Protein chains: 2
Amino acid sequence: MPGARQNIAAVSNEAPRQQFKSFLERKGLRVTSQRLAILDASFGQHEHFTAEQLLAQARRIDDSVSRATVYRTLPIMTESGILREVDIGTGEKFYRRAANNQSQMAQVVCLDCDRIFEISAPFMDWYGSTVSAKLGLTPVSQRLQVSAHCNAFRDTGACRHRAR
Amino acid sequence: MPGARQNIAAVSNEAPRQQFKSFLERKGLRVTSQRLAILDASFGQHEHFTAEQLLAQARRIDDSVSRATVYRTLPIMTESGILREVDIGTGEKFYRRAANNQSQMAQVVCLDCDRIFEISAPFMDWYGSTVSAKLGLTPVSQRLQVSAHCNAFRDTGACRHRAR
DNA sequence: CTGCCTGCAAACTCTTTGCACGAAT
DNA sequence: ATTCGTGCAAAGAGTTTGCAGGCAG
């Protein structure tokens, strides 16, 4: 029953869509077709995606969307809690859908296939608070990242995580 | 006795200088006056410094040093163990002298005064190994960074860590 | 001598911004 | 009717690179 499937998908996107609209209204920002197209585009992305990838998808929904608007909308989506920014120091920023329950995530980055694994690391909160307190600071956020090589890649020249 | 002082300074720089020269020779790289000027310039830096700051100091020692050579030399100095790269996701990379004993350091970055505090965090090694093993990976490095606000800045509008 | 290293300037990547037009409220 | 948002293209920051000449080994 293809119709049912479509409905499920539509409904599952409805919550974040409402969340985003509410956020915009609360902030006195306008609900524009471009912002909604970019929001919807984020649903069709890999776990981690770049601004450029998001732009491509957004243009499939509304081909008038510009790169500038994507860059202007990403911080809004991040602040609204729809997305989370993941900076692994490679020059370009990655984004991913934010799950409500996962607050503190560490990343393991495979240097062979560039894949990013997300690992729950709740102790980061405690660490950030403890260390900040000693310095007279109030923690805002923390990030923990591990860079690693694929054993499979080292042994066979191919990486089993390559498929994305 | 000013002469003695000078000697102490000269001697204290001699070890890393030799370390660097040995590294270059071992790698079949040439010992050039520019590379040595950049090395020496790193001794006169703040705890954390940028490529641009290093260039300015290097030019005081040898005014022919170019920006390109600084950028080409920084990875060599990092690989040789003289410097450590600190990327806090602000667009520009920071570097600092690497101490032999401190393997795993976390950073606390003050968002008000941009100061970077280095904190020993030996558990990072354990964490990286544990988490990587579960994914079939071999850890290469890990970084842990806390972003925070100054309590003093929040309360008084001035940051007591501002002095650098 | 050979070829790595250098300075210069242009290129590059990702992101931000000034401007005049267009659309949401 | 007001503003705020938008697309476009240019600017921006930090870093890298192609090239012709220079110096280390």
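Proteins come first, then strands; the chains are lettered A, B, ... in the order of their sequence lines, and each starts at number 1. All of these numbers come straight from a predicted model, not from anything done at the bench.
- For the pair Lys21(B) and Leu36(B), the minimum side-chain heavy-atom distance is below 4.5 Å.
- Here dT15(C) is the nucleotide among dT15(C), dT15(D), dT6(D) with the atom lying nearest to any side-chain atom of Ala51(A).
- Side-chain contact check for Leu54(A) versus Thr73(A): every heavy-atom pair is 4.5 Å or farther apart.
- Here the P atom of nucleotide dG14(D) and the CZ atom of Arg72(B) are 19 Å apart, to the nearest Å.
- For the pair Asp112(B) (side chain) and Cys150(B) (backbone), a donor-acceptor distance under 3.5 Å is present.
- To the nearest angstrom, C1' of dG14(D) lies 15 Å from CG of Leu54(B).
- Side-chain N or O atoms of Asn151(A) include one that pairs as donor or acceptor with a backbone N or O of Gly136(B) at under 3.5 Å.
- Of the N and O atoms on the side chains of Gln142(A) and Gln145(B), not one donor lies less than 3.5 Å from an acceptor on the other residue.
- Checking side-chain atoms of Arg35(B) against main-chain N and O of Arg30(B) turns up a donor-acceptor pair under 3.5 Å.
- Rounded to whole Å, the distance from NZ on Lys93(B) to P on dC14(C) is 14 Å.
- Paired with Arg96(B) under the rule side chain to side chain contact (heavy atoms under 4.5 Å, CB included), one option of His46(B), Gln45(B), Arg84(B) passes, and it is Arg84(B).
- The CD atom of Gln53(B) sits 14 Å away from the C1' atom of dG14(D) (whole-angstrom rounding).
- Atom pair Asp87(A):CG and dT15(C):P shows a separation of 9 Å (rounding to whole Å applied).
- Across the protein-nucleic acid pair, Glu92(A) atom CD and dC12(C) atom P stand 17 Å apart, rounded to whole Å.
- Backbone-only engagement by Arg35(B) is indicated by non-hydrogen atom pairs under 4.0 Å involving sugar-phosphate atoms exclusively.
- Taking only side-chain atoms of Arg30(A), from C-beta outward, the nucleotide of dG14(D), dG7(D), dC4(D) with the closest atom is dC4(D).
- Residue Tyr71(A) has its side chain nearest to dC14(C) when only dC5(C), dC14(C), dG18(C) are considered.
- Taking atom CG on Leu74(B) and atom P on dT6(C), their separation rounds to 12 Å, with Å as the unit.
- Of the residues in residues 59-70 of chain B, those with a non-hydrogen atom less than 4.0 angstrom from any atom of DNA chain C are Ser64(B), Val65(B), Ser66(B), Ala68(B), Thr69(B).
- If you take CD of Glu52(B) and P of dG14(D), they are 8 Å apart, rounded to a whole angstrom.
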